[in-house]
Student: 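Here you go, one structure.
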Amino acid sequence: MSNPVKLFEPLTIRQTTLPNRIVVSPLCQYSAVDGVAQPWHFAHLSSFARGKSGLVFTEATAVEARGRITPQCLGIWNDAQADALAPVVEFIESMGCVPGMQLAHAGRKASTSSPFSKRGPVPLTESDAAEAGAPWQTVAPSPLPVADGWHVPAELDGDDLEEVKKAFVDAALRACDSGFRALELHMAHGYLLHSFLSPLANRREDDYGGDLDGRMRYPLEIADAVRAAVPDGMPLFARISAIDGREGGWSLEDSVEFSRRLATAGIDIVDCSSGGIGGAPRFRSDDDGKPLTRDSARAPGFQVPFSRAIREQAGIRTMAVGVIIDPRQAEEILQSGGADLVALGRELMYDPFWPLRAAEALGVDPDFRMWPAQYAWAIDRRAQIKTLNES
Ligand SMILES: Cc1cc2nc3c(=O)[nH]c(=O)nc-3n(C[C@H](O)[C@H](O)[C@H](O)COP(=O)(O)O)c2cc1C
């Protein structure tokens with residue numbers, strides 16, 4: 001009998017079965033060295049598997065060096081980078097969860113400094129530059145900086161377009177070889193592929209710009225090339241910004257059409273985020289240093305309507321993300337057809353055991369059987385003691 005609680009119903013996508021519908025949204029850690037994962041990455045990603053998130057995505061992992069957001073971003077363009085992730089993959093699998101990788105190219109938003117060091121495009125000074133290993137020449141569909149004071153990107157020409165495409169394919173193959181069992185193409189948040197889609201960033205006059213077909217062409221070519229290269233059984237996600245949220249920008253209608261085309265290209269899940277085509281860091285409403293207010297804070301589930309619309313109109317599975325914080329809220333999104341999967345970011349950083357607590361709250365795991373054996377027996381006792389003391 002299938003589990004009446006949808007959040008804990010497995011989902012099979014091609015040849016990968018996710019044990020539940022809870023996904024760790026990609027979360028940049030700005031802590032890699034030369035693109036190579038460090039002990040921090042092991043601790044960070046493993047904690048989500050201990051907490052039993054069904055699918056654990058790596059942070060945006062650059063397919064080539066100039067595609068890193070910061071010099072400290074994770075990469076997958078060489079074997080040393082892949083090898084360093086092997087223990088992460090092994091641990092996630094050992095917990096019965098699925099390791100996934102988000103493949104990314106930051107485009108004109110590359111070559112910046114991490115949010116917890118010095119904000120914005122590097123270098124701030126020459127000595128900062130020497131220390132940070134940046135700046136480098138960024139690339140984009142058109143030579144338009146993200147905002148005043150940012151690097152002016154070089155326009156990608158025909159050869160470069162092929163080179164970046166090959167970088168995506170090589171990275172995808174390396175990720176498959178490393179044991180990742182789901183891949184996500186980052187087409188959101190103002191990074192390279194999103195900047196091809198949005199009329200606010202793409203001013204090309206060749207086949208890769210102009211009308212919607214032209215602007216979709218390069219991201220779709222990447223999706224096609226990756227799909228053709230990886231094994232048939234490998235699930236492919238695409239994260240999109242469902243709207244730019246700016247006048248004259250990419251719209252939800254565009255996203256529905258793009259999602260139809262992604263489905264044809266063999267993408268299995270559209271991960272529905274939004275925004276980021278402008279300069280400000282996407283997930284800080286307080287980027288000017290002001291505290292959050294009720295108006296600037298995002299409401300719970302604010303991007304779910306995008307996921308619902310794409311799911312209903314484009315005939316493709318979707319993932320909802322953005323201020324999903326409560327187990328009942330997550331369950332309602334799935335039950336009501338708003339998405340096939342829910343991704344959580346900050347809530348899982350705050351509490352990597354969120355899925356196990358959700359299972360308890362929704363009555364799926366009253367006996368703590370889902371917890372890792374190393375903890376389950378002791379936690380069970382803890383619960384019994386608590387009940388006795390309260391009675
Ligand atoms: C610290 C941090 C790092 C992030 N890194 C990425 C990333 O690497 N790739 C990406 O697509 N989104 C990234 N995001 C966005 C998250 O994946 C997620 O979409 C967003 O935080 C909204 O979900 P939440 O409200 O559950 O946190 C990041 C967000 C945060 C807070």
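This chain uses plain numbering: 1 for the first residue, then up along the sequence. Nothing here was measured: the structure is a model prediction, and the numbers come from that model. Counting starts at 1 for both ligands and their atoms, following the listed order.
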Student: Has ligand 1 got any nitrogen or oxygen that is less than 3.5 angstrom from a nitrogen or oxygen of M349?
Tutor: no

Student: Begin from the C-alpha positions of V321 and L344 and carry the test side chain to side chain contact (heavy atoms under 4.5 Å, CB included) through to its verdict.
Tutor: CA-CA 6 Å; V321 65; L344 282 70; over 6 Å; no

Student: Going by the order shown, which atoms of ligand 1 are within less than 4.0 Å of some heavy atom of H189?
Tutor: 10 (C), 11 (O), 12 (N)

Student: If I apply the N/O under 3.5 Å rule, does E59 come out as touching ligand 1?
Tutor: no

Student: Is the terminal nitrogen or CZ of R68 (NZ for Lys, CZ for Arg) located under 6.0 angstrom from the six-membered ring centre of W136 and within 45° of that ring's axis?
Tutor: yes

Student: Does atom CG (D34) have a neighbourhood of more than 12 heavy atoms from anything else shown, all under 6.0 Å?
Tutor: no

Student: Heavy atoms only, cut-off 4.0 Å: how does R239 contact ligand 1, side chain, backbone, both, or neither?
Tutor: side chain

Student: Can we say D365 and K52 salt-bridge, meaning some charged N sits less than 4.0 Å from an Asp/Glu carboxylate O?
Tutor: no

Student: Going by the closest heavy atom to atom 31 (C) of ligand 1, which one wins out of R346, E184, M187, Q303?
Tutor: R346

Student: Do the ring planes of H186 and H189 sit parallel (below 30°), tilted (30 to 60°) or perpendicular (above 60°)?
Tutor: perpendicular

Student: Any chance CG of D232 has more than 12 other-residue heavy atoms, nucleotides or ligands included, within less than 6.0 Å?
Tutor: no

Student: Go through the structure and list residues passing side chain to side chain contact (heavy atoms under 4.5 Å, CB included) with P305, not counting sequence neighbours.
Tutor: none

Student: Does ligand 1 have an atom that lies less than 4.0 angstrom from a heavy atom of Q102?
Tutor: yes

Student: Just distances here: any N/O of L344 and N/O of ligand 1 closer than 3.5 Å?
Tutor: no

Student: Using distance alone, determine whether E347 and ligand 1 share an N or O pair under 3.5 Å.
Tutor: no

Student: Can you sort out which atoms of ligand 1 are near H186, meaning under 4.0 Å from one of its heavy atoms?
Tutor: 9 (N), 10 (C), 11 (O)

Student: Is ligand 1 less than 4.0 angstrom away from at least one heavy atom of G322?
Tutor: yes

Student: Heavy atom under 4.0 Å from ligand 1: found in V321's side chain, backbone, both, or neither?
Tutor: side chain

Student: Nearest 0.5 Å, what's the OG-CG distance between S178 and D79?
Tutor: 8.0 Å

Student: Report yes if some N/O of V323 lies less than 3.5 Å from some N/O of ligand 1; otherwise report no.
Tutor: yes

Student: Looking only at distances, can you tell me whether any N or O atom of I324, backbone or side chain, sits closer than 3.5 Å to an N or O atom of ligand 1?
Tutor: no

Student: What orientation do F353 and W371 show, parallel under 30°, tilted 30 to 60°, or perpendicular over 60°?
Tutor: parallel

Student: Judged on heavy-atom distance to atom 16 (C) of ligand 1, which of G345, A188, P26 sits nearest?
Tutor: P26

